[in-house]
Trainee: 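My questions all concern the structure below.
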Amino acid sequence: MEDLLQTLNSAQREAVTSTEGFVRVIAGAGSGKTRALSHRFAYLVNELGILPGNILCVTFTNKSAAEMRQRIHNLTGDDDTGYINTFHGFCVSVLQEDSYAVQYPKSFLVLDNSDIDAMLQLIYEERGLTLRDMTFRKARDMIEIRKLFQEPEYYRDLIQMSLEALHRKYQEAVQARDIIFYGYLYQEKKCFGLDYNDLIKFTLYLFETHPDLRRKWQERLEYIMIDEFQDIDALQYQLMEVLCGYHKNLFLVGDPDQTIYTWRGADVKYLLEFDQHFPGTKTIFLLENYRSTPEILAAANSLIDKNQFRVKKELRPTLPPGEPVLCHWAASQGAEAGWIAAQVQALHDAGTAYGDMAVLYRAHYVTRTVEEAFLREKIPYAIYSGVQFFDRAEIKDALSYLRLIAYQDDLSFLRVANTPRRNLGRRRMAFLRGYAAEHGCSLYQALLDNLEDPILKGTKAGALVSLVGAYSAAYAGRPVSEVLSALLDESGYERMLRTEGAQDRLDNLAELKQSIYEYETTCGEESALEDYLAHVALFTNQDAGEAGDRVKLMTVHSAKGLEFPNVFLCGLDEGIFPSRKVRTRPAMEEERRLCFVALTRAEKRLFLSGADGRNFEGAPRYPSRFLLDIDPRCLTFTEEPREGLIREARAYIDAAGLDREGAPEPFAPGTRVRHALFGPGTVVEADQERSAHLIQFDDMPTPRRISFRAKLERED
């Protein structure tokens, strides 16, 4: 036990050894929370004798789950690391084990955005809709809002209605919104697919309707740990409440000062008010920072102290003094980018790798001048917010081949049936869709049934059927990486890329094979094809990156959870960071938290910059209020700002003002409220840009935007 605890500070040690009951850890940036979580898991296993399979550890990205799994393996030496997963990944485990309870097969599909778009394409073609009716992005948003707030029990239709009844409901729909929504539910049920929201909804439904299964999982999960608790949303909170209802051992870690995802449903009140809902909660503070120099922490502490809605705390440095925080106010955006490029090159010339530098920004458009300067100076860089690895066409194609041999589903068939070309064009696909609709079968089955039909003469349909048939019968028990290599070879897919001279795409496929091999070596018995397909469908945009010695360019949101020796935070102009869209005090506090996150990514050096001149609307540019929030003693300017600039900036900020001075927080999505005239309704969205709630009132067919200034009463 001493070996396990001796590397921890006193607060971390207290967190690790506080095993029973409700424990809340307020962990500042860089304070070693991951170390505390992994050591606590190891302490439960090694010292208390708890079986790993009786522990649930929730992280918020697949990447952090993989890292946590490796850390725990190193500490325990046990290949069994229990349930270390995201909420969605854990729900996949529950539903695979007890899928019969929701009338789905064990081998259901986990759908990502590209799968949803493929379904929408089918619906639009079948019902004559166009993007003028609704873009795919708006359709996805509409489906999500409708599922969560307008028809929160939609999943009962998916579970209880027959496929024929659901298809009839889709066919009878008249308005585009209804056609898209019920068409999507029909397509989901047809291929036994579930999207991210479905995973939690179906799991909650299973627990609600099958008390025996709920009790089984509650008894199994003797200890539950949740990371990044400030980012939890209402559905995840509800699932957490259910899971800890028997043993009541719940350990959570979070930082209210790093809440930056309220726009997607995160609600920091779950962390701040946790002790009110769970009496007897023990709260532990991790405040010793092991990441950043005292100079960087002084600037970050000074900034975040200006927020009102927070737990008062201050990060304490453990590293020796370093370089000052350097601030540069340039004459123009181009000059700002030139200064960043010069600093980057100077660091590199002094021996710092390009890969140890990151340029962070509030919005993508800020990078244009930086990229131009880097190209001009021949500085290698990579933007970490472009097309992510698992969204690239060749990766989606390869995974679709794997899904096709496992499930013979329509989405995978449509993606790869004619890639490479097999002369299965639009006319022949329309024939197969018509046959499938008439006979209630999959498109692959339709192809199988009609191989001898004259319409398929001159195609390579027979070769495709032979390929899928052979691998469907023989993939079980073979390594997934081996199956994929053979599939891509025998299908002619890699030959097609070689013919096109697409070496980058071939390199991506090689990387995919390597990632599958690594998955197989770490997951052991759970590395069957179906397990891998469920695993890979849960990957988020944060799980991919670019290799090589390059300066990393990314938004602050993308940098959350990362750290870099040298950080450049650019575009610190009022209207850029904070965004000009911010109109309320709560939203401004979130912007300030976002800036705090940016500052605390830096380990050794922090560079802040903005630009004088005028913006694209012709208005003068002023330094960000966040620069003014930082104690001047914490900043070293490359040259003193011109006389009067700070005074003008403060006057500009005061004149702009903020709505709802001293008003309460906007209601979170999902909150039940009452309007004096419209009656009861559910908050769908808190629109910070318009300073309004989007509310679906019970007695109205469509939602309404209601100003934050309007009086609304919460309905408990």
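These values consider heavy atoms only, across backbone and side chains, with no hydrogens, waters or symmetry-generated copies. Numbers here simply count residues along the sequence, with the first being 1.
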Trainee: Check for a donor-acceptor pair, side chain of S579 on one end and backbone N or O of I576 on the other, with a separation under 3.5 Å.
Mentor: no

Trainee: Below 6.0 angstrom between ring centroids: does that apply to F577 and F626?
Mentor: yes

Trainee: Sub-3.5 Å donor-acceptor pair from the side chain of S292 to the main-chain atoms of A602, do we have one?
Mentor: yes

Trainee: Is R621 salt-bridged to D573, cutoff N-O under 4.0 Å?
Mentor: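 A salt bridge links R621 with D573.
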
Trainee: Passes ring pair (Phe, Tyr, Trp, His ring centres under 6.0 Å), F229 versus Y270? Steps please.
Mentor: CA-CA 8 Å; F229 197 78; Y270 294 130; 7.3 Å; no

Trainee: Working to the nearest 0.5 Å, report the span between CG of L608 and SG of C595.
Mentor: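 Output value for this atom pair is 7.5 Å.
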
Trainee: Do W329 and L645 have side-chain heavy atoms sitting under 4.5 Å apart?
Mentor: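 Yes, at least one pair of side-chain atoms sits under 4.5 Å.
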
Trainee: For a quick check under 3.5 Å, do Y652 and E574 share a side-chain donor-acceptor pair by atom type?
Mentor: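 Y652 vs E574: no donor-acceptor pair found between side chains.
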
Trainee: Checking E371 against T367: is there a side-chain donor and acceptor pair closer than 3.5 Å?
Mentor: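 Per modelled atom types, T367 and E371 side chains form a pair under 3.5 Å.
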
Trainee: Taking Y361 for the side chain and M554 for the main chain, is one N or O donor matched with an acceptor at less than 3.5 Å?
Mentor: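 Checking the backbone N and O of M554 against the side chain of Y361, a donor-acceptor pair under 3.5 Å is found.
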
Trainee: Evaluate F708 against T584 for side chain to side chain contact (heavy atoms under 4.5 Å, CB included), listing each step before the verdict.
Mentor: CA-CA 9 Å; F708 284 159; T584 67; 3.6 Å; yes

Trainee: Is a donor on one side and an acceptor on the other found under 3.5 Å between the side chain of D267 and the backbone of K269?
Mentor: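 Side chain of D267 to backbone of K269: a pair is present.
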
Trainee: Would you say that K33 contacts E228 through its side chain, given a criterion of any heavy-atom pair below 4.5 Å between the two side chains?
Mentor: yes

Trainee: How far apart are the closest heavy atoms of R625 and P578, and which atoms are they?
Mentor: NE-CG, 3.9 Å

Trainee: Just by distance, with hydrogens left out, do T7 and R35 show a side-chain donor and acceptor under 3.5 Å apart?
Mentor: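 Present: a donor and an acceptor within the cut-off.
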
Trainee: Checking salt bridge (charged side-chain N to carboxylate O under 4.0 Å, His left out) against E563, which of K604, R601, R291 comes through?
Mentor: R291

Trainee: For E323 and E295, what are the C-alpha separation, side-chain angles and deciding distance, and is it a side chain to side chain contact (heavy atoms under 4.5 Å, CB included)?
Mentor: CA-CA 7 Å; E323 299 291 331; E295 291 79 3; over 6 Å; no

Trainee: Under 3.5 Å, is there a donor on one side chain and an acceptor on the other for T369 and Q333?
Mentor: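 Absent: no donor and acceptor within the cut-off.
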
Trainee: Taking atom types as modelled, is there a side-chain donor on E336 or S609 under 3.5 Å from an acceptor on the other?
Mentor: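 Side-chain D/A pair, E336 to S609: present.
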
Trainee: Which is it for N9 and Y290 under the side chain to side chain donor-acceptor pair (under 3.5 Å) test, yes or no, and what are the steps along the way?
Mentor: CA-CA 11 Å; N9 63 38; Y290 296 91; 2.7 Å; yes

Trainee: Please check if the side chain of S302 supplies one atom and the backbone of D631 the other of a donor-acceptor pair under 3.5 Å.
Mentor: yes

Trainee: Check V311 against P256 and note the closest heavy-atom contact, atom names and distance.
Mentor: CG2-CG, 4.0 Å

Trainee: In terms of ring plane angle, is the pair F607 and F568 parallel, tilted or perpendicular, where the classes change at 30° and 60°?
Mentor: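 F607 and F568: parallel rings.
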
Trainee: Can you name the closest pair of heavy atoms from L627 and L635 and give their distance?
Mentor: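 What the structure gives for the nearest pair is O-CD1, 4.0 Å.
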
Trainee: When you check the side-chain N and O atoms of Q343 and Q345, is any donor under 3.5 Å from an acceptor?
Mentor: no

Trainee: Quick check: are there more than 12 heavy atoms from other residues, nucleotides or ligands sitting under 6.0 Å from CZ of R642?
Mentor: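 Atom CZ in R642 is crowded, with more than 12 foreign heavy atoms closer than 6.0 Å.
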
Trainee: Identify which one of R592, R310, K312, R593 satisfies the salt bridge (charged side-chain N to carboxylate O under 4.0 Å, His left out) criterion when paired with D257.
Mentor: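 Answer to the salt bridge (charged side-chain N to carboxylate O under 4.0 Å, His left out) test with D257 among R592, R310, K312, R593: R310.
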
Trainee: Return yes if a side-chain donor-acceptor contact under 3.5 Å exists between Y354 and N566, otherwise no.
Mentor: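 Absent: no donor and acceptor within the cut-off.
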
Trainee: Assess whether side chain to side chain contact (heavy atoms under 4.5 Å, CB included) is satisfied between H557 and Y261, documenting all intermediate values.
Mentor: CA-CA 9 Å; H557 279 103; Y261 293 118; 3.7 Å; yes

Trainee: Heavy atoms only: give me the nearest L628-A649 pair and the separation to one decimal.
Mentor: CD1-CB, 4.2 Å

Trainee: Distance from D629 atom CG to D305 atom CG, nearest 0.5 Å?
Mentor: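 Answer for the CG-CG pair, D629 versus D305, is 10.0 Å.
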
Trainee: Do L235 and F87 come within less than 4.5 Å of each other through their side chains, counting heavy atoms only?
Mentor: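 In short, these two side chains do not touch, never coming nearer than 4.5 Å.
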
Trainee: Distance check, rounded to the nearest 0.5 Å: S31 atom OG versus K313 atom NZ?
Mentor: 8.0 Å

Trainee: Could you walk me through whether L286 and Q12 pass side chain to side chain contact (heavy atoms under 4.5 Å, CB included), step by step?
Mentor: CA-CA 7 Å; L286 300 185; Q12 291 171 334; 3.9 Å; yes

Trainee: Counting distance only, does the side-chain N/O of T281 pair as donor-acceptor with the main-chain N or O of F278 below 3.5 Å?
Mentor: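 Yes.
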
Trainee: With a 4.5 Å limit on heavy-atom distance, are the side chains of N289 and T318 in contact?
Mentor: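 Not touching, per the 4.5 Å side-chain cut-off.
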
Trainee: Nearest heavy-atom pair of A11 and I284: which atoms, and what distance?
Mentor: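 Closest heavy-atom pair between A11 and I284: O-CG2, 3.8 Å.
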
Trainee: If you round to the nearest 0.5 Å, how far is CG of N74 from OG of S38?
Mentor: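 Between atom OG of S38 and atom CG of N74 there are 9.5 Å.
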
Trainee: Within the structure provided, determine whether Y381 and V370 are in side-chain contact (heavy-atom separation under 4.5 Å).
Mentor: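 No, too far: nothing below the 4.5 Å cut-off.
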
Trainee: For residues M225 and L252, determine if any side-chain heavy atom of one lies less than 4.5 Å from a side-chain heavy atom of the other.
Mentor: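 M225 does not reach L252 side chain to side chain.
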
Trainee: What closest approach, in Å, do H39 and L75 show between heavy atoms, and which atom pair accounts for it?
Mentor: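 For H39 and L75, the tightest heavy-atom pair comes out as ND1-CD1, 3.8 Å.
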
Trainee: Nearest 0.5 Å please: distance from the CG atom of D275 over to the CZ atom of R24.
Mentor: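 With rounding to 0.5 Å, CG (D275) is 4.0 Å from CZ (R24).
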
Trainee: Mind telling me whether W339 and H328 have parallel, tilted or perpendicular rings, with 30° and 60° as the class edges?
Mentor: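 The rings of H328 and W339 lie parallel, inter-plane angle below 30°.
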
Trainee: Is any side-chain heavy atom of N508 closer than 4.5 Å to one of I395?
Mentor: yes

Trainee: Rounded at 0.5 Å granularity, tell me how far OG1 in T259 sits from CD in E589.
Mentor: 11.0 Å

Trainee: I'd like to check the ring-ring contact (aromatic ring centres under 6.0 Å, His included) partners of F596; sequence neighbours left out, ordered by chain and number.
Mentor: none

Trainee: Any non-hydrogen side-chain atom of L287 less than 4.5 Å from a side-chain atom of F285?
Mentor: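 Counting from C-beta outward, L287 and F285 do come under 4.5 Å.
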
Trainee: Looking only at atom types and distance, does a side-chain atom of D356 sit under 3.5 Å from a main-chain N or O of T352, one as donor and one as acceptor?
Mentor: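 Here the side-chain-to-backbone pair does not exist.
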
Trainee: Do R362 side-chain atoms and L572 backbone N/O form a donor-acceptor pair below 3.5 Å?
Mentor: no

